Amino acid sequence: QVQLVESGGGLVQPGRSLRLSCVASGNIGAINRMGWYRQAPGKQRELVAVITWGSDTTYADSVKGRFTISRDNAKNTVSLQMNSLKPEDTAVYYCNANLRPSFSISLYDYWGQGTQVTVSP
């Protein structure tokens, strides 16, 4: 079993900052990449940012320059620093890990339960 546990969501005013964190635990063989996706009401889930375990990063155009993703390989943790938040950033944010479980030779995607981020005056 592999578990992803997220933390750090909440209610914040426009222009302020939040930091999300996600820890992967369980039968982990090797992590390929981890990242964050979000889903707003009535919309499809979309990529926010991903980071490979070699530190290559990808960001959605809408968050470039405002969000920064980072990882701690030793702790199997990924974080998302969100600055200059806007109301349109309001969504449920999901942590994702693409990894090889210790009992397998294949890569699988795992998801956290999601954490709500609300940006409102």
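Throughout, residue positions are numbered sequentially from 1 according to the sequence presented. Since we're looking at a predicted model, the values are computed, not measured.
Counting non-hydrogen atoms of other residues, nucleotides and ligands closer than 6.0 Å to CD of Glu88 gives a total above 12.
Every side chain to side chain donor-acceptor pair (under 3.5 Å) that Thr118 has, sequence neighbours left out, goes to Gln116. The ring pair (Phe, Tyr, Trp, His ring centres under 6.0 Å) test applied to Trp111 returns Tyr37, not counting sequence neighbours. Take Ser104 and apply the side-chain contact (heavy atoms from CB on, under 4.5 Å) test, not counting sequence neighbours, and it matches Pro101, Ser106, Tyr108. Contacts of Arg38 classified as salt bridge (Lys or Arg N to Asp or Glu O under 4.0 Å), with partners at least two apart in sequence or in another chain: Glu46, Asp89. Evaluation of the side chain to side chain donor-acceptor pair (under 3.5 Å) rule for Ser79 yields Ser21 as partners, not counting sequence neighbours. By the side-chain contact (heavy atoms from CB on, under 4.5 Å) test, Thr52 pairs with Arg33, Asp56, sequence neighbours left out. In this view, Ser55 and Arg71 satisfy the side chain to side chain donor-acceptor pair (under 3.5 Å) rule, not counting sequence neighbours. For Asn83, the side chain to side chain donor-acceptor pair (under 3.5 Å) test picks out Ser17, Gln81, with sequence neighbours left out. Every side-chain contact (heavy atoms from CB on, under 4.5 Å) that Lys64 has, sequence neighbours left out, goes to Tyr59, Asp61.
Applying the disulfide (SG to SG under 2.5 Å) rule to pairs touching residues 14-105 yields Cys22-Cys95, sequence neighbours excluded. Within the structure, the salt bridge (charged side-chain N to carboxylate O under 4.0 Å, His left out) test picks out no pair touching residues 1-24 (sequence neighbours left out). Every pair tested for ring-ring contact (aromatic ring centres under 6.0 Å, His included) that includes a residue from residues 70-92 fails, sequence neighbours excluded, so the list is empty.
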Assess the residue pair Met34 and Trp53 against the criterion (side chain to side chain contact (heavy atoms under 4.5 Å, CB included)); give the C-alpha distance rounded to whole Å, side-chain angles, the decisive distance to 0.1 Å, and a yes or no.
CA-CA 8 Å; Met34 291 185 72; Trp53 244 226; 3.4 Å; yes

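Put simply, the side chain of Thr115 never gets that close to the backbone of Tyr93: no donor and acceptor are under 3.5 Å apart.
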